[in-house]
Each structure stands twice: as C-alpha cells, then as structure tokens.
Amino acid sequence: YTSGSTGRPKGVTVPHRALAHLLAAHRAGFVADAGGGPLNVALTASLSFDTSLEGLLLLADGHPLHLVDETTRMDPAALVEYVVRHRIDFLDLTPSYLRQLLPAGLLDDPRHRPRVLMLGGEAVTPRLWRELAARPGTAAYNYYGPTECTVDALACRIDDGDRPLIGRPLPNVRAYVLDGRLQPVPPGVSGELHLAGEQVARGYAGRPGLTAARFTADPYGPPGTRMYRTGDLARWTADGRLEYLGRADDQVKVRGHRIEPGEVEAALLDLPEVAEAAVLAVPDAHGHHRLAAYLVFADGAARPAAELRAALRRVLPDHLVPSSFTVLDALPLSTSGKLDRRALPAPEVDGREGEFVAPRTPEEEVLAAVWAEVLGVPRVGVTDNFFELGGDSILSIQAVSRARAAGLRIGSQDVFRHQTVADLAAAALATEAQAPVERPRAEGPAPLTPVQEWFFAAHGPLRHFTMSMLLDLPYGLDEAALDRALTALVAAHPALRTRF
C-alpha cells in the first residue's frame with residue numbers, strides 16, 4: 001500500500017511472476033558479481049516498507065537472513081558491531097541511514113565490512129556517490145523503482161564519475177523517457193520516466209480509474225502490454241544510462257518515504273480551525289528535507305504547534321506530520337490565482353512551546369548544544385521537546401552519537417522515552433549512577449528447565465548429547481587466550497556446568 005493524495009491508501013496488486021523476475025535479476029546481478037553467494041543478509045527495514053522485500057527474496061534464494069531488532073537498528077555503533085560480529089555481507093539501506101553508519105565505521109572496521117550495499121528509497125547525493133565510489137572493497141549499487149514496478153526497476157553500480165545515476169533497466173524491464181505527447185526524447189533531454197516489462201503491477205486494487213490513468217498502453221512494446229507512468233523526471237546519458245531529475249508533480253521523498261503533500265494538506269483542512277493550508281518539503285540547515293506546513297486560521301487565532309501535531313497524529317502516520325507550522329494571514333497567489341509556492345516564506349523552525357528555560361547542569365548544556373546543532377535551531381531549552389522541534393528517528397541517531405562522544409551514556413530509545421533535555425539528562429545521570437550488580441552464584445541441585453523436561457520426556461535418557469556450531473575465526477587467533485576465555489565463562493555460569 002502506498003499513500004494517496006486524498007488520504008486513501010492505494011493497494012498495488014503485484015503478481016508472483018513479477019517477484020520471480022526480480023529474484024532472477026538479483027541473482028544475475030549483484031549476487032553473481034559478489035561470487036554467487038551465499039551472502040549473509042541483514043534486514044534493517046520495517047516490513048511495512050517495500051524495500052524489506054529484498055531480504056525476503058534473498059532468503060527465498062537460499063541466503064541466510066538476519067532480522068535486526070529495533071534497538072540495534074537505531075544505534076549506528078550497535079549495528080556496525082552486529083555487522084562485524086555476524087559477518088554480514090549485504091545491507092539494503094536508504095542514503096540517509098547510510099550516512100549515519102559511515103561515521104560509526106561501517107566500511108572502516110578492519111575485522112569485517114559488508115561486500116554489497118544496496119541503496120534506494122531516495123536520491124543519492126553527489127558527495128555520498130563519490131565517497132562510495134572511492135571504496136573498492138565494497139560494491140555499492142543505486143537502485144530505483146516504485147512499488148508499481150515491483151520495488152526495483154533500474155540499477156547502477158557506484159564505481160565511477162561524480163554524478164549520481166539510476167542506471168539501466170533490470171532484465172525484462174523496459175524504460176522510456178517520453179515527452180507530453182508520449183514521444184521519446186533524445187539523450188540529454190528531460191522527460192517523464194515510464195516503465196514497462198514483466199515487473200509492472202496489475203494496477204491498484206479497487207481503483208479502476210486511477211489504474212487507467214497511471215497504467216497505460218505501451219506503444220513501444222509487444223501488443224497488449226502496458227507501461228507505468230512514474231511521475232519522475234529523468235534523462236538518458238550518452239552511454240545509455242538514466243539520471244534521475246526529481247518529481248514531475250508535487251510528490252516528494254522525505255527520509256525515504258514517498259509523500260504527496262496533498263495528503264497532509266487534506267488532513268489539515270479537515271481541522272475546523274484551519275481555513276487554508278499548504279505543505280512543502282524544504283531543506284534544513286544540514287540539507288535534509290522536512291515537511292513544512294503553512295496555515296491560515298479561520299478565526300485568525302493561531303493554535304499551538306503541539307495541538308496541531310496531536311490532531312494530525314490521530315489520522316496520519318508520524319512521517320506525514322510536518323516538522324514546522326508557519327502561520328500566515330493569507331497564502332500567496334500567482335497572477336493566475338493559484339498558490340505561489342515559491343513566494344512562501346522560510347518556515348519557522350523553532351517549534352518551542354511556552355517560555356524558554358536555559359540549561360542548569362553540565363549534562364543539560366551538552367544535550368541542548370547537541371540538539372541545537374542537529375536540529376538546526378538557534379537555541380534549545382530544557383523543557384523543549386525533541387520531536388516538536390523537528391526531530392525524527394534519523395536525527396535522534398545523530399543526537400545520540402554526538403551526546404555519547406561528549407560522555408553521556410544514552411541510547412536512541414532514550415530519546416523517545418525522555419523527549420525533553422531535562423528528562424533525558426536525568427536519565428543519563430541515572431544510567432551513569434547505576435553500579436554493576438553482583439549476581440548471586442547458584443550452586444547445588446536445581447529443577448530441570450522446561451526445554452530439559454521436554455527433551456528427556458521425548459527422547460529419554462541418553463548416553464551423551466552434542467550440539468555443534470561452526471565458527472569462522474579471525475586470522476592469527478590467540479588460541480590460548482580463547483581457551484582461557486571459555487574456561488572463565490563456564491566458571492562464571494553454573495548453568496553451563498550442569499549434569500543430569
């Protein structure tokens with residue numbers, strides 16, 4: 001399901017045949033380039049995000065799949081350690097998420113680094129493109145594709161040049177760049193990208209009108225075939241690859257989510273106090289796009305931003321709730337009477353509600369400075385809410401990383417539990433004050449555990465029972481140190497020394 005401009009989700013009907021073609025394309029593409037596998041794959045995306053399908057397809061093709069828990073996923077250092085410890089070969093990431101993992105050492109750890117990175121969900125910046133191209137030890141690929149063409153339609157290996165490209169169509173996929181009359185445009189000329197071939201979906205479930213508008217007859221393919229109008233602008237390069245140029249309509253990508261601002265505007269206009277509304281995706285001080293709302297109130301009396309956010313969260317998911325709300329007397333119009341989006345002022349990024357309260361402790365000063373830098377606001381008080389100032393899950397990762405570098409012991413989940421500077425500073429102090437707990441040593445007889453009860457009931461007494469696991473040990477291992485470590489582990493845990 002993808003979002004719709006009216007607020008109604010659109011169900012995309014994808015046949016199993018299309019998934020089989022995508023699996024075959026991956027097998028002949030990056031899997032073959034990586035030696036044919038098997039690859040250790042880590043699934044770091046929510047199952048509600050269509051890119052999570054990559055992990056399930058690779059699992060179906062025989063590759064081990066690791067399901068990464070939310071706490072690890074939200075902590076760059078913990079995820080990098082997971083990648084190293086489990087020797088993960090393949091990661092599917094959005095560029096925004098990858099930019100959080102690179103400073104944590106994803107591609108620099110001498111013990112292990114992933115062999116394949118798949119990027120998608122949003123455009124790759126030229127700076128990130130150049131950085132990945134300079135990393136010969138890891139093959140990075142830029143993938144493009146809407147849900148309506150089974151997640152992936154185009155691919156490009158990031159290996160040269162300084163201009164991001166989305167590459168060439170996958171096997172059994174056709175790409176056309178057409179003008180308004182559905183005529184092909186020459187290389188170097190912008191046009192709307194259309195996709196055709198075996199991966200095109202059947203259409204939208206229960207939406208025949210919308211299906212007819214977006215899935216049209218393919219005048220350049222075999223008789224009876226269709227193509228999908230992506231709404232994206234692109235152009236061919238001289239060597240036959242595609243360059244992504246942005247949306248042809250108002251649809252935008254924010255933090256990897258495909259968003260139609262009209263859906264957010266419709267939710268705002270459903271509020272009785274809102275007379276007019278406009279929503280834009282605007283870059284912040286760090287170049288990240290955020291949703292900014294511009295409002296005209298019916299009675300002229302502005303409502304607190306917190307009240308508006310609470311009302312929107314009752315009908316919209318969090319990624320569709322704007323980061324800022326700017327109140328205007330009237331929305332600017334063009335000479336034709338339409339909304340002049342270019343005339344809208346810069347958004348009011350300071351989402352503070354109530355009186356400013358300055359930091360009072362060293363911990364609060366550190367957190368306030370970190371939040372101000374990460375959120376791009378002039379100052380942060382101890383009662384200010386991280387998310388009401390424009391924070392989100394990706395920015396919380398940055399804030400936690402910088403706070404840890406300054407000596408505070410907090411995690412990303414702490415930002416969600418303690419959303420003000422004062423509460424988070426108190427939580428950091430409480431964590432610091434916790435002394436290691438000395439666990440009592442369990443000795444002597446003990447009852448069987450449930451799994452032991454089941455084992456003996458099912459299999460009876462056995463002379464011996466052995467379980468084994470093959471481990472890939474690093475080169476130059478100190479075997480004596482490993483022996484001492486295992487002996488100490490068994491000595492510390494009586495459960496490992498039990499006999500029946």
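Bear in mind the structure is a predicted one, so any value in this text is a computation, not a measurement.
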Less than 4.5 Å apart, any side-chain heavy atom of [X] and any of [Y]?
X      : Y      : answer
Leu375 : Phe386 : yes
Arg99  : Thr94  : no
Leu328 : Leu344 : yes
Pro322 : Val264 : yes
Ile88  : His66  : yes
Leu58  : Leu65  : no
Asn385 : Arg309 : no
Arg73  : Tyr97  : yes

| said: Run the salt bridge (Lys or Arg N to Asp or Glu O under 4.0 Å) test on Arg404 and Asp75 for me, step by step, so that the C-alpha distance in whole Å, both residues' side-chain angles and the decisive distance to 0.1 Å come before the verdict. | reply: CA-CA 11 Å; Arg404 283 181 174 177; Asp75 187 340; 2.9 Å; yes
Rounded at 0.5 Å granularity, tell me how far [atom1] in [X] sits from [atom2] in [Y].
X      : Y      : atom1 : atom2 : value
Arg313 : Leu308 : CZ    : CG    : 11.0 Å
Arg235 : Leu233 : CZ    : CG    : 10.5 Å
Leu106 : Leu98  : CG    : CG    : 6.5 Å
Leu79  : Thr71  : CG    : OG1   : 12.0 Å
Leu91  : Asn40  : CG    : CG    : 10.5 Å
Gln419 : Asp414 : CD    : CG    : 12.0 Å

Mind listing the closest non-hydrogen atom pair of [X] and [Y] along with its distance?
X      : Y      : answer
Pro76  : Ser401 : CG-OG, 4.1 Å
Ala346 : Tyr294 : C-OH, 4.0 Å
Tyr176 : Gly221 : OH-N, 3.9 Å
Lys10  : Leu210 : CD-CD2, 2.9 Å
Ala175 : Leu193 : CB-CD1, 4.1 Å
Gly203 : Phe215 : CA-CE1, 3.7 Å

Please answer whether the main-chain N or O of [Y] pairs with a side-chain N or O of [X] as donor and acceptor at a distance below 3.5 Å.
X      : Y      : answer
Thr237 : Arg241 : yes
Thr72  : Val68  : no
Arg226 : Arg202 : yes
Thr211 : Tyr204 : yes
Thr138 : Pro114 : yes
His21  : Glu198 : no
Glu243 : Leu165 : no
Glu54  : Thr51  : no
Glu192 : Gly231 : yes
Thr150 : Gln199 : yes

| request: Output, in order, the C-alpha distance, side-chain angles, deciding distance and verdict of salt bridge (Lys or Arg N to Asp or Glu O under 4.0 Å) for Asp108 and Arg135. | output: CA-CA 10 Å; Asp108 298 318; Arg135 304 272 190 163; 2.5 Å; yes
| query | Would the number of heavy atoms belonging to other residues, nucleotides or ligands and lying under 6.0 Å from CZ of Arg85 be above 12? | reply |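 Buried by this count: over 12 neighbours within 6.0 Å.
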| Above 12 or not: heavy atoms from other molecules or residues under 6.0 Å from CG of Asp329? |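 Counting other residues, nucleotides and ligands, CG of Asp329 stays at 12 neighbours or fewer.
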| Under the criterion side chain to side chain contact (heavy atoms under 4.5 Å, CB included), which of Leu154, Thr230, Leu195, Val14 is the partner of Cys149? |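 Result for side chain to side chain contact (heavy atoms under 4.5 Å, CB included) with Cys149: Leu195.
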| Testing His112, Arg115, Arg111 for side chain to side chain contact (heavy atoms under 4.5 Å, CB included) with Arg87, which one passes? |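 Running side chain to side chain contact (heavy atoms under 4.5 Å, CB included) over His112, Arg115, Arg111 with Arg87 returns exactly one hit, His112.
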| request: Begin from the C-alpha positions of Leu22 and Leu57 and carry the test side-chain contact (heavy atoms from CB on, under 4.5 Å) through to its verdict. | output: CA-CA 8 Å; Leu22 180 60; Leu57 281 180; 3.4 Å; yes
| request: Any chance you could lay out the side-chain contact (heavy atoms from CB on, under 4.5 Å) test for Leu102 and Leu128, step after step, and finish with the verdict? | output: CA-CA 10 Å; Leu102 290 178; Leu128 181 60; 3.8 Å; yes
| request: Could you tell me which residues satisfy salt bridge (Lys or Arg N to Asp or Glu O under 4.0 Å) with Arg174, sequence neighbours excluded, listed by chain and number? | output: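 Expected list: Asp218.
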| message | Any salt bridge linking Glu148 with Arg214? Criterion: basic side-chain nitrogen under 4.0 Å from a carboxylate oxygen. | response |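 Answer for the salt bridge query: no.
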| Do the charged groups of Asp89 and Arg113 touch, with an N to O distance under 4.0 Å? |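 Salt bridge flag = no for Arg113 with Asp89.
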| task | Go through the steps for Leu119 and Ile158 under the test side-chain contact (heavy atoms from CB on, under 4.5 Å), then give the verdict. | result | CA-CA 10 Å; Leu119 301 183; Ile158 303 175; 4.1 Å; yes
| message | Using side-chain contact (heavy atoms from CB on, under 4.5 Å), reason through Leu295 and Phe297 one step at a time and then give a plain yes or no. | response | CA-CA 6 Å; Leu295 306 172; Phe297 286 98; 4.0 Å; yes
| query | His26 and Tyr143: aromatic ring centres closer than 6.0 Å? | reply |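 Ring-ring flag for His26/Tyr143: true, centres closer than 6.0 Å.
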| In terms of the angle between their ring planes, are Phe30 and Tyr141 parallel, tilted or perpendicular, with boundaries placed at 30° and 60°? |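 The arrangement is tilted - the two ring planes meet at 30° to 60°.
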| said: Testing the 3.5 Å rule here: is there a donor-acceptor pair between the side chains of Tyr144 and Asp152? | reply: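 There is no such pair (donor and acceptor under 3.5 Å, judged by atom type) between the side chains of Tyr144 and Asp152.
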